[in-house]
Number of protein chains: 2
Amino acid sequence: MVDLPQLPDDPSKLAREPLREQIRQVLVEGLLSGRWQPGERIVERRIATELKVSQAPVREALRELETLRLIETVPNKGARVRAFGVQDMAEIYPVRAGLELVAAQLAAPRLAADPSALEREVEALQAATARGDVSEQIRHSVEFHREVVRAADNSVLLHTWESLGVEVWTALSVRWLNMELHAKAADHAQITRAFREGDPAVGQMLSDHVLNYVEAALKSHEGAR
Amino acid sequence: MVDLPQLPDDPSKLAREPLREQIRQVLVEGLLSGRWQPGERIVERRIATELKVSQAPVREALRELETLRLIETVPNKGARVRAFGVQDMAEIYPVRAGLELVAAQLAAPRLAADPSALEREVEALQAATARGDVSEQIRHSVEFHREVVRAADNSVLLHTWESLGVEVWTALSVRWLNMELHAKAADHAQITRAFREGDPAVGQMLSDHVLNYVEAALKSHEGAR
DNA sequence: TGTGTGAATATTGCCGACAGATGAGCCTAC
DNA sequence: GTAGGCTCATCTGTCGGCAATATTCACACA
């Protein structure tokens, strides 16, 4: 136990984490960055060769991406990048809204007692908005919601919420649909206040706020579809 | 396209389905039947040897069981059967209730127009209850709820709902916690009626009904914990 | 020119084997 | 008698290869 298991970002050589986890990370980043286009085929062995690893961990990573609905796989035919669009947003956000409604109800007492975590995220979001730092805006927006879900203290709820891949899909919304994030900071501040004051309508407020993301996505995509 | 892709149950030799899928099935059945006890270790190669397959498809099957929260995996240490109990029910059912609340709202118009699928399940459930056929009761109870979620016509919602492993966990509730299912048939009939009549309170009704499962589980476990 | 057929190629799914990590048991030193 | 370290067995994570399957392409034929 002498050596330090800290992983200083050493992107040159893959670090000491489970290999499939690193591969998953690389693949997600590739999808977000547009390295692979929607509909494009993802060949297991090609990725494996490229990353200097074997086929097995790549397969496992791909399975995880499948549960995030980032790719689609057909038995014996392989994986393709899912062609996502407004339709996906329209399906994801109602689910998120429902989950966060439950979360708000469960988390209300805890957050009324100590809303500091939310307040921290609100501040960070405001700062990022002021700086115009989009990726930080995404990060703290998502983290705000995750904090609410976490405060519900229900591991199934958290797990289910995470399985929606909120981070990834939010980033995709912004990148591919040019969704606007501004004005979200104000919402978050208002919701935090409602939590602090024990407002019983906070659940509905949060739920509506989430559904507003869809509106924003639809609006920014203006008439398409 | 001349030959029929029907797969007549040929249990003698593993059929023409993805191998990992069959393995998953076997493992789930083993868990449900108590073949493996909670906390017991699951050794990949042992399963592989037993089923006369290699380690790889077993690993993939185990990953899926992990997302269903039936097992727990620690890196480099392997998988154990999760020790589930009332606590798990208490976490799962609120999530289910939230999802089905959303489902009910989305599905209401469709189900008001054509509630026949629900009615079919209600009848089957009543028949199974009359016969005292427990596994059929489970099947049709779950199928009723699945039908509602399906009618919402939201693939993310359906996918998320399925990921809760409702079938498995219901069976576990009954088997391990001696949960009672009777009186559920009446609930289902009432909910179906509400859908048919376009009752706007149907969502809340369904949600409450789901949460009642927890009550039933808690009650049947009487005082434990 | 359009269409069915078959070989050639590309890719998945699976296998058996090996390297590294983990935990148990024994052995030694104090 | 106990703490610490060493050895060994077990198991996971990964690898490279092979067979089965899907897809592509060329070609013959109508």
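Order of the sequence lines sets the chain letters (A, B, ...), proteins ahead of strands, with each chain counted from 1.
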Chemist: So what does B/Arg59 touch, heavy atoms closer than 4.0 Å: a base, only the sugar-phosphate, or nothing?
Modeler: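 Here B/Arg59 touches the bases of the nucleic acid.
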Chemist: Does OP1 or OP2 of C/dT12 have a side-chain N or O of A/Arg45 closer than 4.0 Å?
Modeler: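 Answer no for this pair, as no side-chain N or O of A/Arg45 is under 4.0 Å from OP1 or OP2.
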Chemist: Is the positively charged end of A/Arg96 above the ring of A/Tyr213, judged by distance under 6.0 angstrom from the centroid and angle within 45° of the axis?
Modeler: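 Judged by the rule, A/Arg96 and A/Tyr213 form a cation-pi pair.
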Chemist: For B/Ser155 and A/Glu91, test the side chains for any donor-to-acceptor distance below 3.5 angstrom and give the result as yes or no.
Modeler: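 Yes.
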Chemist: Is B/Glu72 salt-bridged to B/Arg80, going by a charged N under 4.0 Å from an acidic O?
Modeler: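 Salt bridge flag = no for B/Arg80 with B/Glu72.
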Chemist: Closest to the B/Gln55 side chain: D/dT14, C/dC15, D/dC11?
Modeler: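 Nearest to the side chain of B/Gln55 among the choices is D/dT14.
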Chemist: Look at all strands and tell whether A/Ile42 reaches a base, only sugar-phosphate, or nothing, counting heavy atoms closer than 4.0 Å.
Modeler: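 It contacts sugar-phosphate atoms only.
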Chemist: Quick one: A/Glu60 CD to C/dC14 P, roughly how many Å, whole number?
Modeler: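 Taking atom P of C/dC14 as the reference, CD of A/Glu60 is at 13 Å.
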Chemist: Among the nucleotides C/dT11, D/dC15, C/dG13, which one has an atom lying closest to any side-chain atom of A/Arg63?
Modeler: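 Selected nucleotide: C/dG13.
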Chemist: How long is the line joining CG of B/Leu62 and P of D/dC11, in whole Å?
Modeler: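 Result: 14 Å.
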Chemist: Quick one: B/Arg24 CZ to C/dC14 P, roughly how many Å, whole number?
Modeler: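 So the CZ-P distance, B/Arg24 to C/dC14, works out to 14 Å.
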Chemist: To the nearest angstrom, how far is A/Leu19 atom CG from D/dC15 atom C1'?
Modeler: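 Nearest whole value for this atom pair: 11 Å.
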Chemist: Will you find, in the side chains of A/His188 and A/Glu121, an N or O donor that is under 3.5 Å from an N or O acceptor?
Modeler: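 No.
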Chemist: When the C1' atoms of the five terminal pairs at each end define the local axes, what inter-axis angle does the helix from C/dT1-D/dA30 to C/dC30-D/dG1 show, to 10 degrees?
Modeler: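 Helix axis angle between the two ends: 0°.
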Chemist: Over how many whole Å does the gap from A/Glu21 atom CD to D/dT12 atom P extend?
Modeler: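 It is 18 Å, rounded to the nearest whole Å.
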Chemist: Between B/Arg63 and B/Glu60, does any NZ, NE, NH1 or NH2 come within less than 4.0 Å of an OD or OE carboxylate oxygen?
Modeler: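 Salt bridge between B/Glu60 and B/Arg63, a charged N being under 4.0 Å from a carboxylate O: no.
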Chemist: May I ask you to check whether B/His140 and B/His145 place their ring centres under 6.0 Å from each other?
Modeler: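 No, the ring of B/His145 stays outside the 6.0 Å limit from the ring of B/His140, centre to centre.
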Chemist: So, for B/Tyr93 and B/Trp169, is the gap between ring centers shorter than 6.0 Å?
Modeler: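 Judged by ring-centre distance (under 6.0 Å), B/Tyr93 and B/Trp169 do not meet the cut-off.
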Chemist: Heavy-atom distance under 4.5 Å between the side chains of B/Leu125 and B/Phe144, does that happen here?
Modeler: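 No; the side chains remain at least 4.5 Å from each other.
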Chemist: What integer distance in Å separates B/Glu44:CD from D/dT14:P?
Modeler: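 Distance, rounded to whole Å: 11 Å.
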Chemist: Output the rounded distance in Å from CG (B/Leu51) to P (C/dC15).
Modeler: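 Value for this atom pair: 10 Å.
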Chemist: List for me each residue that meets salt bridge (Lys or Arg N to Asp or Glu O under 4.0 Å) alongside B/Arg35, sequence neighbours excluded, and say none if there are none.
Modeler: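 B/Glu50.
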Chemist: In residues 70-80 of chain A, which residues come under 4.0 Å of DNA chain D by heavy atom?
Modeler: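 A/Asn76, A/Lys77 - these, ordered by number, are the residues of the stretch whose heavy atoms sit under 4.0 Å from the strand.
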